[in-house]
Participant: 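One structure, pasted below without further comment.
The model shown is predicted, which means the values in this text are computed figures rather than measured ones. Each chain gets a letter, A, B and so on, in the order its sequence line appears, and its residues count up from 1.
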Amino acid sequence: MLRLFNTLSRTKEDFIPIEPGKVKMYCCGPTVYNYQHIGNFRTFIFEDLLLRVLTYNEYKVKYIMNITDVGHLVSDSDEGEDKMEKSAKLLGKSIMEIAEYYTGVFKKDSELLNIISPEVFCKATDYIQEQIDLIVCLEKNGFTYPTSDGVYFDTSKFPGYGKLARLDIEGLKEGARIEFSAEKKNITDFALWKFSPENEKRQLEWESPWGKGFPGWHIECSAMSKALLGNHIDIHCGGIDHIPIHHTNEIAQSEACSGEKFVNYWLHCEFLDFGNEKMSKSTGKFITLSTLSGNGYSPMDYRYFLLTAHYRKKQKFSYEALEGARSGIKNLKNKISNLKNSFSESESENPGLSDEYKTRFTDKINDDLNMPEAVAVMWDMLKDENLSSKQKLILVSDFDRIFGLGLDKTEEKMVTLVPDEIYDLIEKRKEAKKSRDFKAADEIRELIKSKGFEIKDTKEGVEINTI
RNA sequence: GGCGUGGUACCCAAGUGGCUUAAGGGGAAAGUCUGCAAAACUUUUAUUCGACAGUUCGAAUCUGUCCCACGCCUCCA
């Protein structure tokens, strides 16, 4: 039985889909006004793991992710500029160009991280009519009111507003650090539609029953989820920061229109903890996948790093910790490579033991995606002397359906593509060793190393690896 | 100021009342092997879980106080 931690109840619940065997899942994707940093990718990898676990449990998953290319304001209090417009202005490009560029980088990075693509990437600008329709629905149901700058959702009209985040509305008022618009009836009210500013032409704006403008940020997810998955879905996920505002508002909008429950399971990924090195997109100081590559770390090093912590706990990022992950996955691949070398069809089987590990592994991943323990099960398995190489390889390959580390691609030790020159040197070194001229032998080894090959003396002879 | 989360070895991190006198990975140390390396393998590496009280037959796990870090309420996954 798959169990998932539901933010709504703050407990782990048995996962029961609306329709047996099928799962409808929507995840909040990126706002494509800038690069995604590695913290953003922690959430996307968590969502990828969730998808893989669902698939592993033989659910057929309809998985949608949005691309926000309009309406996400610099401030969630419905003030300030549209992030996309701001970025376009800054770079002197059109919004379309900006959106395409950053969407492209996002998809490329996702691919490098072995993140499985959703069935559909939906762009907010492709669903403007659906968003307008939803606002019309809310208007009809009496949940909206106009102000001088837009159409707002009256949160006081929606019973149970803030339930997901367990918001303390009175406390919010007391603790408010910024003044909220005088025209808002309640501090938690939010914009459904914003009017274009009078003094300035926006790149993106649309006609609507209320006037020319653009949709509020939250409405896109409600509208696209409804359009592609229907009123009632199984899972909705995103970063933990979305709980108090974005997802809270999505629930209010969606349910106020449909009258149905919107989402059964809300899942949220914790932040990566950068210590003093704050990730701030506004200051432009943040670590991306390319930053990591520039420092010599591969996307899989980072993916393995993330697997060693649980998604609902903060994980401390440091290059020291990442270095540990890099060594870890290197050793892991080495081990698999050695297994492939020692693989033999005639090895004795111990299916019982194999099942035991498979069960242990499944229990861990089905316990709210406990990847750290699942990784530990893999290591235990690899160290178990009672399993054959063949069994270990089969299990590793099976486990990697979840981990997504590309362990299957781990090659056998290859001795091809080595230039003759190297073979000649190895031959010379062999001679030197024979005549016990170890100084010369060591020098030749260094020479070979300087040419990009590392040699190791083993019982079977000389092993050659590229550096 | 309001709300919340967390502090487990050198680093990352699991475990949330007895199965644990605390998984797993990295690092470090010792050993086997080797001319030496490297690799591989073996062993060691927290009597202790931020501090102090308390509840309990029994706590890292529950309660209280304090210290510290972080997050949200402003942009952020």
Side-chain angles (χ1 to χ4, degrees), chain A residues 27-31 33-34 36-47 72-77 79-81 83 86 165-168 170-178 180 187-188 237-246 268-276 278-283 286 304-332 334-335 337-338 364 370-380 382-383 385 413 432-433 436-439 441-442 445-446 449 454-459 463 465:
Chain A
C27 296
C28 286
T31 300
Y33 68 105
N34 206 332
Q36 300 303 304
H37 59 60
I38 56 172
N40 299 125
F41 276 111
R42 181 180 190 200
T43 297
F44 298 132
I45 286 178
F46 145 69
E47 288 156 358
H72 197 167
L73 301 188
V74 169
S75 157
D76 273 350
S77 59
E79 308 287 332
E81 280 183 279
K83 289 179 180 180
K86 188 181 175 187
R166 309 202 164 167
L167 291 182
D168 163 14
E170 289 307 309
L172 275 180
K173 279 184 203 160
E174 280 172 37
R177 290 197 308 198
I178 49 154
F180 70 99
I187 188 167
T188 47
C237 36
I240 198 166
D241 56 319
H242 282 156
I243 299 171
I245 296 176
H246 187 53
H268 295 95
C269 183
E270 247 296 355
F271 275 9
L272 199 58
D273 180 355
F274 292 93
N276 344 328
K278 293 258 185 291
M279 281 296 108
S280 166
K281 284 198 177 172
S282 49
T283 62
F286 54 95
Y304 182 78
F305 167 75
L306 292 178
L307 287 174
T308 61
H310 188 88
Y311 80 88
R312 279 193 290 114
K313 280 255 192 123
K314 283 187 198 75
Q315 182 174 17
K316 286 183 232 171
F317 177 84
S318 66
Y319 278 105
E320 190 185 0
L322 186 60
E323 182 64 37
R326 174 161 72 173
S327 298
I329 192 169
K330 186 173 153 250
N331 291 157
L332 179 61
N334 217 278
K335 199 145 197 131
S337 174
N338 289 342
K364 293 307 180 190
N370 194 335
M371 294 304 148
E373 296 220 354
V375 169
V377 169
M378 176 179 64
W379 280 105
D380 281 351
L382 287 171
K383 284 185 291 193
E385 290 173 5
K413 293 266 163 66
K433 277 177 72 179
R436 304 197 67 81
D437 184 356
F438 298 121
K439 192 164 173 280
D442 289 348
R445 183 165 58 198
E446 279 307 305
K449 198 171 178 182
E454 194 172 49
I455 55 169
K456 296 170 189 171
D457 297 328
T458 69
K459 276 177 201 152
E463 186 184 302
N465 287 306

Participant: Quick one: label A:Lys364 by what it contacts on the DNA or RNA (base, sugar-phosphate, nothing), any heavy atom closer than 4.0 Å.
Facilitator: nothing
Participant: Contact class for A:His268 (heavy atom, under 4.0 Å): base, sugar-phosphate, or nothing?
Facilitator: nothing
Participant: Taking the C1' atom of each, how far is B:rG27 from B:rA46, in whole Å?
Facilitator: 15 Å
Participant: Give the rounded distance in Å between these two atoms: OH of A:Tyr33 and C1' of B:rA77.
Facilitator: 11 Å
Participant: How many whole angstroms separate atom CD of A:Gln315 from atom C1' of B:rA14?
Facilitator: 12 Å
Participant: Looking at B:rC10, which nucleotide sits across from it as a Watson-Crick or G-U wobble partner, both distances under 3.5 angstrom, or is there none?
Facilitator: B:rG26
Participant: Taking only the side-chain heavy atoms of A:Ser318 (C-beta and beyond), determine which of B:rC73, B:rA39, B:rC11 contains the nearest atom.
Facilitator: B:rC11
Participant: With 3.5 Å as the limit, what N/O pairs link the protein to nucleotides 5-7 of chain B?
Facilitator:
none

Participant: Say you draw a straight line from CG of A:Leu322 to CG of A:Leu306; how long is it, rounded to the nearest 0.5 Å?
Facilitator: 9.0 Å
Participant: Check the orientation of A:Phe274 and A:His37. Use parallel for under 30°, tilted for 30 to 60°, and perpendicular for over 60°.
Facilitator: perpendicular
Participant: Tell me the interatomic distance from A:Asp437, atom CG, to B:rG35, atom P, rounded to whole angstroms.
Facilitator: 15 Å
Participant: Side chain to side chain contact (heavy atoms under 4.5 Å, CB included), that's the test. Do A:Thr308 and A:Gln315 meet it? Break it down for me.
Facilitator: CA-CA 9 Å; A:Thr308 61; A:Gln315 182 174 17; 3.8 Å; yes
Participant: Base, sugar-phosphate, or nothing for A:Arg326, non-hydrogen atoms under 4.0 angstrom?
Facilitator: nothing
Participant: Consider the side chain of A:Glu320, meaning its heavy atoms from C-beta on, and name the nucleotide among B:rA77, B:rC41, B:rC10 that approaches it most closely.
Facilitator: B:rC10
Participant: For atom C1', what is the distance between B:rC10 and B:rA29, given to the nearest Å?
Facilitator: 13 Å
Participant: Using the C1' atom as the point on both nucleotides, what is the distance between B:rU56 and B:rG64, in whole Å?
Facilitator: 16 Å
Participant: Figure out the CD/C1' separation between A:Glu446 and B:rA38, and round it to whole Å.
Facilitator: 12 Å
Participant: Once salt bridge (charged side-chain N to carboxylate O under 4.0 Å, His left out) is applied, do any residues pair with A:Asp437, and if so which ones, sequence neighbours excluded?
Facilitator: none
Participant: Looking at residues at least two apart in the chain, or sitting in another chain, which of them share a side-chain contact (heavy atoms from CB on, under 4.5 Å) with A:Ala376?
Facilitator: none
Participant: Using the ring pair (Phe, Tyr, Trp, His ring centres under 6.0 Å) criterion, which residues pair with A:Tyr304? Sequence neighbours excluded.
Facilitator: none
Participant: In this structure, how many angstroms lie between the P atom of B:rC41 and the NZ atom of A:Lys456, rounded?
Facilitator: 12 Å
Participant: Looking at B:rA77, B:rA39, B:rA37, which one has an atom nearest to any side-chain atom of A:Arg445?
Facilitator: B:rA37
Participant: For B:rG35, does the base pair up with any side-chain atom of A:Asp442 as donor and acceptor (N or O, under 3.5 Å, distance only)?
Facilitator: yes
Participant: Partner of B:rU20 by Watson-Crick or G-U wobble geometry, both contacts under 3.5 Å, or none?
Facilitator: none
Participant: B:rC12 and B:rG17: how far apart are their P atoms, nearest whole angstrom?
Facilitator: 25 Å
Participant: Please list each protein N or O that sits under 3.5 Å from an N or O in nucleotides 23-25 of chain B, with the distance.
Facilitator:
unit_1: B:rG25; atom_1: OP1; unit_2: A:Lys383; atom_2: NZ; d: 2.8

Participant: Measure CG/A:Leu322 against P/B:rG27 and give the value in whole Å, please.
Facilitator: 13 Å
Participant: Got a sec, which residues hit side-chain contact (heavy atoms from CB on, under 4.5 Å) with A:Glu270, two or more places apart in sequence or on another chain?
Facilitator: A:Arg42, A:Ile240, A:Lys314
Participant: Tell me which nucleotide, if any, is Watson-Crick or G-U wobble paired with B:rU5 when both distances must be under 3.5 Å.
Facilitator: B:rA69
Participant: Could you tell me how far apart A:Phe274 (CZ) and B:rC70 (P) are, to the nearest whole angstrom?
Facilitator: 14 Å
Participant: OP1 or OP2 of B:rA37 sitting under 4.0 Å from any side-chain N/O of A:Lys439?
Facilitator: no
Participant: For B:rU61, which nucleotide in any strand shown is its Watson-Crick or wobble partner with both distances under 3.5 Å?
Facilitator: none
Participant: Give me the distance, rounded to whole Å, that separates B:rA13 from B:rU55 when you measure between the P atoms they each carry.
Facilitator: 34 Å
Participant: Tell which nucleotide pairs with B:rU47, taking only Watson-Crick or G-U wobble pairs whose two distances are both under 3.5 angstrom.
Facilitator: none
Participant: Across the strands shown, which category fits A:Phe46 at heavy-atom distances under 4.0 angstrom: base, sugar-phosphate, nothing?
Facilitator: nothing
Participant: Using Watson-Crick or G-U wobble geometry with both distances below 3.5 Å, tell me the partner of B:rC33, or none.
Facilitator: none
Participant: Taking 5.5 Å and 30° as the limits, would you call A:Phe271 and the base of B:rA77 a stacked pair?
Facilitator: yes
Participant: Sequence neighbours left out, what passes salt bridge (charged side-chain N to carboxylate O under 4.0 Å, His left out) with A:Lys364? Give chain and number order.
Facilitator: A:Glu373
Participant: Atom CD1 of A:Ile45 and atom CG of A:Asn40: how far apart are they, to the nearest 0.5 Å?
Facilitator: 11.0 Å
Participant: Does the side chain of A:Cys28 come within less than 4.5 Å of A:His242's, by heavy atoms?
Facilitator: yes
Participant: Starting from the 5' end of RNA chain B, give me the residue, A:Glu323 or A:Gly29, whose nearest nucleotide shows up first.
Facilitator: A:Glu323
Participant: Can you tell me the base-pairing partner of B:rU55? Count Watson-Crick or G-U wobble geometry only, both distances below 3.5 Å, and say none if there is no partner.
Facilitator: none
Participant: Using the side-chain contact (heavy atoms from CB on, under 4.5 Å) criterion, which residues pair with A:Ser327? Sequence neighbours excluded.
Facilitator: A:Glu323
Participant: Starting at atom CD1 of A:Ile240, determine the distance to atom C1' of B:rC73, rounded to an integer number of angstrom.
Facilitator: 14 Å
Participant: Roughly how far apart, to the nearest Å, are B:rG58 and B:rG6 at atom P?
Facilitator: 26 Å
Participant: Mind checking salt bridge (charged side-chain N to carboxylate O under 4.0 Å, His left out) for A:Lys433 and listing every partner two or more places apart, or none if nothing turns up?
Facilitator: A:Asp457
Participant: Please measure how far the P atom in B:rC62 lies from the corresponding atom in B:rG2, and state the result in whole Å.
Facilitator: 25 Å
Participant: Between B:rC19 and B:rU42, how far is it from one C1' atom to the other, in whole Å?
Facilitator: 27 Å
